[in-house]
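Structure, as structure tokens:
Every number for a ligand or one of its atoms is a count from 1 in the order of the listing. Fair warning: this is a prediction, and the values are worked out from it, not measured in the lab. Only this structure's heavy atoms are used, side chains among them; waters, hydrogens and symmetry mates stay out.
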Amino acid sequence: MRTSAVLSLVGLATAAFASDVVDLTGTTFPDFAAQDLTLIEFFAPWCGHCKALAPHYEEAATILKKDKIPIAKVDCTVESDLCSSQGVNGYPTLKVFRKGVPAEYGGTRKTDGIVSYMKKQALPAVSDVTAENHDEFKTADKVVLVAYVDESDSKTQKTFRDFADQYRDDYLFGLSTDAAAIAAANVKPPAVVMYKTFDEGRNELEGKISSDSLLTFAKEHSVPLLDEISPDNFATYAEAGIPLAYIFVPANDPKREEIVKAIEPVAREHKGKINFVWIDSNKFADHAKSLNLQEPTWPAFAIQNIQAMTKFPLDQSKTVDFATVSSFVKDFANGKIQPSIKSQKTPAVQDEPVYVLVADEFEKVVAEDKDLLVEFYAPWCGHCKKLKPTWDTLGERYSNAKSKITVAKFDATENDIPSSAGFRVAGFPTIKFKAAGSSEWISYEGDRSLESFVEFLEANATNDINSPDDEEAELEGESEVKSGRHDEL
Ligand SMILES: *[C@@H]1O[C@H](CO)[C@@H](O)[C@H](O)[C@H]1NC(C)=O
């Protein structure tokens, strides 16, 4: 509700008042980008994500104007030379410029995210903290890391500064050598304190401080114990490098808080090893589906290992409560749960022109000593439908060489590609080839004509795919017939 109010207000504001976002051209761009710190959006008027960003971008520009951080945009349908010289190949592209030097923008596309990201960029990676600004600095962001170090301890200071340089986008960093501030923090230097606006509010790292201990400490404590996840904070969890456990529950479920609260002790027990979140199952049902959960049995629970691309849904006939989730997560942590691989049933007979490959058979088929060409498709995809007759003809062409080559199709909406394959597919159709005896997948990038597929296979197949199966047996058969005749003679 708040968002839509903001949207309409900003809509009115932009119609009536001048915008704080500067429109740049090829001529005005160089001087603008040469300033100390600026943010520039490269956009196209027809692009939906650009339209969604616009009100947030306007609002952020107005806020950041007070901090003297100028914000601009470039219409790439007009300034195409400028955009191509800046290497823009998608919309919107956001870049931070420092004295003309571009860097990728790493924040969200929401007002708050843009403001907080750019404010951090404006600060030195580490701010000096003294007794005077101590209280203010501690609350300057959602997560603030302050190192309390003796004046003489230059080694720890350097470690902390190097770490801050690397993670300046993720946290706000301060360093204090002021005895009064150290006393106020009530720590024995060297120490690092994380101040945060959620959960316990404060965590301490004392003793020897290294970049490893800092990273572990920051990751473990900077994520709320059990927050709601949405596109705004998803990146934090994806980058955390540890599994992510989801409670899928409708946001408007009157029991939501109770359900989530019941799982908190489990989250606490596994803190730093597994992150826990809840997610609106009404809004993100597709995400549930991608974790192999079925609609609409809510609440539901699943763990995702983002790095390994594996998923572990809890059996949906079970109740999502403390006892069930706690034992499931324990089993997961002990490696006792196999990842879920969605698969169609293995066809009892292969009676289509091409081999119908399903997830359950994937590894077996890959291990066969045959050249293998697979189309990963989605039933709704138009290009896939268009390819079908060609693909079928290709299958038929090699139907008498089945011991040497498999031409297959894989419905990627009903089957997961096992993680052993080592790739995911991003668009449909995706065509991949694996030569017999090789373990390497090659992407087919050619055009989708029969001739090109055949040419590709002939050049890249290991086996002699043009000689039919059982050639020897057929020859033997012939000689038997001949000898039969001979017998008759
Ligand atoms: C054989 O495969 C390579 C990729 O490894 C590809 O670049 C090449 O075009 C293929 N050959 C033909 C004739 O298609």
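- Considering only non-hydrogen protein atoms, atom 4 (C) of ligand 1 sits nearest to Ile442 CG2, 3.6 Å.
- Here the protein heavy atom with the shortest distance to atom 13 (C) of ligand 1 is Ala459 CB, 3.4 Å.
- For atom 7 (O) of ligand 1, no protein non-hydrogen atom is found at a distance below 4.0 Å.
- For Arg98, the CZ atom is densely surrounded, since the number of other residues' heavy atoms within 6.0 Å is greater than 12.
- A salt bridge is defined here as a Lys NZ or Arg NE, NH1 or NH2 lying under 4.0 Å from an Asp or Glu carboxylate O, and Asp36 with Lys99 meets this definition.
- For atom 11 (N) of ligand 1, the nearest non-hydrogen atom of the protein is Asn460 ND2, 3.1 Å.
- By the 4.0 Å N-to-carboxylate-O rule, Lys119 lies too far from Asp141 to be salt-bridged with it.
- Of the protein's non-hydrogen atoms, the one nearest atom 9 (O) of ligand 1 is Phe456 CD1, 4.7 Å.
- Under the side-chain contact (heavy atoms from CB on, under 4.5 Å) test applied with Phe32, the options Thr25, Val22, Val74 reduce to a single match, Val22.
- Around CG of Asn334, the count of heavy atoms belonging to other residues, nucleotides or ligands within 6.0 Å exceeds 12.
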